[in-house]
Amino acid sequence: MTRSLLIRNALLLATMDDERREFADGAVLIRGNRIEAVGSSGRVPDSADEIIDAQGCVVVPGLINTHHHMYQTLTRAVPGAQDCELFGWLKRLYPIWARLTPDMIRVSTQTAMAELILSGCTTASDHLYIYPNGCRLDDSIEAAATIGMRFHACRGSMSVGESQGGLPPDRVVEDEATILRDSQRLVETWHDGSDGSMLRIALAPCSPFSVSRELMRESAAMARHYGVGLHTHLAETVGDVAYSRERFGCTPAQYAEELGWTGEGVWHAHCVCLDDHGIDLFARTRTGVAHCPSSNMRLGSGIAPIRKMIDAGVPVGLGVDGSASNDAGHLLLEARMAMLLARVRDTGDGSGDPAALSARQALEIATRGGAAALGRRDIGQLAPGMCADVVIFDVQGLPHAGALHDPVAALLFGGPATVRHSIINGRQVVRDGMLLTVNAARLCETHNAMARKLLQG
C-alpha cells in the first residue's frame, strides 16, 4: 500500500503554482512520490501514515540548481586562483583537475549534493567536463543515487586544446569520436525521460573555447534523436564574446542558433553578455539560462541582464556554479544574491533599481524558473500531481526575528537558512536539520583528505 506523508501547521506555505497561492497555516499531503493535496490545514485531510508538524516554518517547493561543477568542491579557495578572471582562473586550475580520480568524483559529488540539500535544493544539474585517470560520469550518477537527489547529469567535454587554439591544456581534452560514443552509451544506459524521473542525462560540450563547431552540431543532433537536454557555457564574459567573434565571426547567441543550440530543454550557463538579439532568440525558442550570480561576482564577469530576460519570456533558472568559483553551494543564498545583484545593475544613468527583482521573484527563479530552464513540467511547484519535492525552513531563530510579518520575504532578506526537513520524491532525506542518507561528518573528513592530496599532486 502506498504510504502517505502530511506536512501541516506551516506558518506559511508558498506553492509557486500557476496562481502563486500562499497559505497561512498551510499543509501538503503526499502519497507515494506525488503531491495529493495542498491548502490550509483545515482543508487538507488530517490523517496520514506519517505527519510532520511545520509550526513556525515556511514550506516551499524544493529548489532547483541548474548549473554546477561538483568536482570543484575539492578546489575551493585555491591560492593563485582567488583573484583571477575566468580564463586565468581556468589556467590555474586545469593542471590540478588533471589529477582527479574516480573516487574523488564520487566523494566530491556527494559533498556538493549534501551542501545543496541542506540549503533547500532537491534537484541539481551537474556539468562534468573533465575525465582524467579513468573518471566517468557514472561515478557522479552512482553517488547521486546513494544520497537521494533528483539529478540532471551533464556529459560535458573538451576537445580543443591549446595546440588547436583552445584554452585547456592538451592533456585534459578528449577525442571527439570518443566523446560522442560515451555520450550515446550514457544516454542509452542511464537516461530516464519519464514524468517524475530522478535521473536525466544531458549532452554538454563545455564552451565555445574548448570544443569544435562539429562537436556542438553533432551533440545537438544526438540530443534531438534521443530526446535529451543540451547544456553549455555561453557569453560568460567580455573575453568569451571576443573569442567567439574572432574565431567564429559571430556573437555567442548567433553561434548557438547556427549550431542548433536553441529550444526547450536547451539551457546555457551565465549569459552575462547576452545581447538583445540573444535575449529575443532565447525567449522565442524557450531556450533556458542558468543565472550564476555569485560566480559572476567572484570572477568579475559582470551582471547578467536577468530582469530583461524575464520580461522577454526567457526561462531563467538559478545555478550555484562550481564550488571553485563561488565558493559556496547554498542555493537559498544564491537566490538572495540574484535578488540583490539585479538591483545594482546599471539602469543607464549610473544607478540601480531596488524594485528590479523581488524576494518572491527570486524564489520563483529558484523553483519554477529552474524547472522551465531544464525543460521539466513535473517539479518546481507545490500542486496536486507534481513530484513530492518539498522543503521546510524554520524561521523562528535569530536570522529572521522581526521579519515574520512576511515569512517568504524573510527567507530571502534574512540570513541564509538551512532546511529543517527535506522531502525528495516523497522520501525524507533531511530530518531536524540532519542529513539521513550519508554521514556528513565522515564525508567531510574524506573530502578534505582528498582535497589535500589533489592540491599536493
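Treat the numbers as computed from the prediction; the structure is a model and nothing was measured.
Put simply, the residue from Ile35, Val28, Ile52 that forms a side-chain contact (heavy atoms from CB on, under 4.5 Å) with Ile423 is Ile52.
A distance-only check finds a donor-acceptor pair linking the side chain of Asn296 to the backbone of Cys292 [under 3.5 Å]. Side-chain atoms of Asn326 come within 3.5 Å of backbone N or O of Val320 as a donor-acceptor pair. Remark: the backbone N or O of Met216 is paired with a side-chain donor or acceptor of Trp261 at under 3.5 angstrom. Between the side chain of Arg20 and the backbone N or O of Asp18, at least one donor-acceptor pair lies under 3.5 Å. Counting only distance, with no hydrogens or angles, the side chain of Arg76 and the backbone of Ala324 share no donor-acceptor pair below 3.5 Å. No donor-acceptor pair closer than 3.5 Å links the side chain of His291 to the backbone N or O of Val316. Judged by distance alone, with hydrogens and angles left aside, the side-chain atoms of Glu334 form no donor-acceptor pair with the main-chain N or O of Leu331 at under 3.5 Å.
For the pair Leu29 and Ser4, the tightest heavy-atom approach, listed with the atom from each and the gap, is CD1-CB, 4.5 Å. Closest approach of His405 and Gly402 over heavy atoms only: CE1-O, 2.7 Å. Residues Ile424 and Arg150 approach most closely at CG2-N, 4.0 Å, considering heavy atoms. Heavy atoms only, all atoms of each residue included: Phe393 and Gly120 are closest at CZ-CA, 3.8 Å. Shortest non-hydrogen contact noted between Ala371 and Ile64 is N-CD1, 3.6 Å. Listed here is the closest heavy atom pair of Ile279 and Ala312: CG2-CB, 3.7 Å.
In this structure, a donor-acceptor pair under 3.5 Å is present between the side chains of Ser207 and Ser210. In this model, a donor atom of one side chain and an acceptor atom of the other lie less than 3.5 Å apart for Ser295 and Asp321.
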Side-chain donor-acceptor contacts of residues 53-63 below 3.5 Å, not counting sequence neighbours, with atom names and distances?
residue, atom, partner, partner atom, Å
Asp53, OD1, Asn9, ND2, 3.4
Asp53, OD1, Gln55, N, 3.0

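Taking the six-membered ring for Trp and thresholds of 30 and 60 degrees, His231 and His233 have ring planes inclined between 30 and 60 degrees apart.
You'll find the side chain of His447 reaches within 4.5 Å of the side chain of Thr73, heavy atoms only. Contact of the Leu436 side chain with the Val429 side chain is not registered, since no non-hydrogen atoms from C-beta on lie closer than 4.5 Å. Using a 4.5 Å cut-off on side-chain heavy atoms (C-beta onward), Arg200 and Val228 make no contact.
For residues 140-149, every residue pair satisfying the side-chain hydrogen bond (donor to acceptor under 3.5 Å, both in side chains) rule, not counting sequence neighbours, is listed here: Thr109-Ser140.
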Passes ring-ring contact (aromatic ring centres under 6.0 Å, His included), His400 versus Phe413? Steps please. CA-CA 9 Å; His400 306 103; Phe413 281 103; over 10 Å; no
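Under 4.0 Å is where a charged nitrogen must lie from a carboxylate oxygen, and between Arg34 and Asp195 at least one such pair does.
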